[in-house]
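First the structure, in the form of structure tokens, and then the observations on it.
First the proteins, then the strands, lettered A, B, ... as listed; each starts at 1.
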Protein chains: 2
Amino acid sequence: MLNYNAQGLIPAVIQDDDTAAVLMLGYMNAETLQMTKAKGQVVFWSRSRKKIWHKGATSGDFLEVRSIKADCENNSLLVRVRMVGGAVCHTGAACCFFNDVEELPAT
Amino acid sequence: MLNYNAQGLIPAVIQDDDTAAVLMLGYMNAETLQMTKAKGQVVFWSRSRKKIWHKGATSGDFLEVRSIKADCENNSLLVRVRMVGGAVCHTGAACCFFNDVEELPAT
């Protein structure tokens with residue numbers, strides 16, 4: 001049984017199955033996890049837009065699912081994917097993790 | 001500026017800097033992120049125990065920080081680490097992501 005948070009969401013870490021790069025972190029609810037399994041492509045719940053977010057539906061940069069694992073407490077997911085396009089980030093970057101935290105204030 | 005959630009937390013994906021394996025996902029608040037930077041070892045906020053959780057303090061399996069990046073929206077962290085011990089999971093497993101989601105009910 002997966003442990004969704006109070007908002008009914010579970011964080012999903014997206015990792016490139018070929019390069020092992022961590023591409024992004026998104027959130028799924030029970031419905032979008034089910035859609036992800038059914039389509040074989042990553043489908044998130046967008047917290048900002050409050051709607052289903054089929055990754056790549058507008059950009060073409062779909063994420064094909066290779067495997068989905070839950071952690072030991074079933075409160076986060078690791079989704080290994082094949083990138084269909086060259087980018088995962090809305091900025092056009094291949095991966096979303098590029099801000100150096102040393103340069104960011106902690107609060 | 002990092003975007004902490006309503007509970008003052010930000011998810012931190014922990015990745016082995018040598019093998020690129022995704023080891024676990026934990027949460028930090030501003031204080032434990034600051035401690036993480038200062039110590040050079042991962043310090044989480046334990047949501048279940050509601051206290052500071054210096055990873056490895058009881059097991060010896062510390063996680064030495066190699067780099068910390070925030071994502072494009074500054075609402076999640078990617079922490080690349082060197083594992084001091086052989087395990088990251090409380091089960092003794094090297095990594096926490098071992099539950100096959102195909103075998104778990106979605107809700």
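- Heavy atoms of B:Ile10 lying under 4.5 Å from chain A are absent altogether.
- B:Val22 touches chain A through backbone and side chain together, each having a heavy atom under 4.5 Å away.
- Listed options A:Asn29, A:Leu77, A:Asn3 were ranked by heavy-atom pairs under 4.5 angstrom with chain B; first place goes to A:Leu77.
- Counting only heavy atoms from C-beta outward, the side chains of A:Met83 and A:Thr19 never approach each other to under 4.5 Å.
- Heavy atoms closer than 4.5 Å to chain A are found nowhere in B:Arg80, neither backbone nor side chain.
- Here the CZ atom belonging to A:Phe44 is positioned 12.0 Å from the CG atom belonging to A:Leu9, to the nearest 0.5 angstrom.
- Once rounded to the nearest 0.5 Å, the distance linking CG of A:Asn99 with CE of B:Met1 reads 13.5 Å.
- A:Arg47 CZ to A:Trp45 CH2: the interatomic distance, rounded to the nearest 0.5 Å, is 12.5 Å.
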